[in-house]
There are 2 protein chains.
Amino acid sequence: MKYTAHINIMPHKELLDPQGKAVSNSLHNLGLSQVHDVRIGKHVTLHLEAANEAEANSLTTEACKKLLANGVMESFEFSLTAN
Amino acid sequence: MKYTAHINIMPHKELLDPQGKAVSNSLHNLGLSQVHDVRIGKHVTLHLEAANEAEANSLTTEACKKLLANGVMESFEFSLTAN
């Protein structure tokens with residue numbers, strides 16, 4: 001079966017996110033002072049072939065751990081949809 | 001009220017995504033040959049104060065259009081949760 005994985009990779013909550021801080025300041029300068037606590041990470045979508053959802057799950061986890069996310073600084077979460 | 005916006009910013013479907021292509025090739029080299037069509041974008045979370053969900057919606061759209069997403073190359077979508 002074919003699955004689509006939607007993966008979010010974000011900096012750990014305990015870590016400073018300088019990119020998010022810069023964007024937050026820029027939004028304030030643009031007049032959007034209601035916005036705060038901006039955090040910026042990556043969104044990855046990928047298609048994969050797997051026998052079932054459990055296999056798709058383990059393949060996606062493997063891809064995240066081996067390549068997509070840096071476990072020291074980032075955490076990941078994902079959802080799978082069957083096509 | 002306080003809202004959290006979860007924003008996904010992805011390269012337009014019609015555009016090549018060289019970063020995604022590179023990741024796809026690397027995953028194949030790591031033995032994950034079942035994976036294809038990798039696309040990489042940004043995931044942004046932000047907190048905002050708004051009177052109601054409609055206002056939160058328009059503030060988030062404004063932030064995306066003014067700063068977060070480049071309309072020429074990227075499209076965005078978001079969901080809001082009330083805290």
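All values derive from a computational prediction rather than experimental measurement. Chain letters run A, B, ... following the sequence lines, proteins first and then strands; every chain starts at 1.
- Residue-level contacts of residues 69-83 of chain A with chain B do not occur; threshold 4.5 Å between heavy atoms.
- Of all residues in residues 5-25 of chain A, those placing a non-hydrogen atom less than 4.5 angstrom from a non-hydrogen atom of chain B are Asn8(A), Met10(A), Val23(A).
- By a heavy-atom distance cut of under 4.5 Å, Arg39(B), Ile40(B), Gly41(B), Lys42(B), His43(B), Val44(B), Thr45(B), Leu46(B), His47(B), Leu48(B), Glu49(B) are the residues of residues 39-53 of chain B near chain A, going up by number.
- Remark: Lys65(B) engages no residue in a salt bridge (charged side-chain N to carboxylate O under 4.0 Å, His left out) (not counting sequence neighbours).
- Ranked by non-hydrogen atom pairs under 4.5 Å with chain A, the options Thr4(B), Leu68(B), Val38(B) are led by Val38(B).
- For the atom pair OH of Tyr3(A) and CD of Gln34(B), the computed distance is 13.0 Å after rounding to the nearest 0.5 Å.
- The contact between Leu32(A) and chain B is made entirely by side chain atoms (from C-beta outward), counting heavy-atom distances below 4.5 Å.
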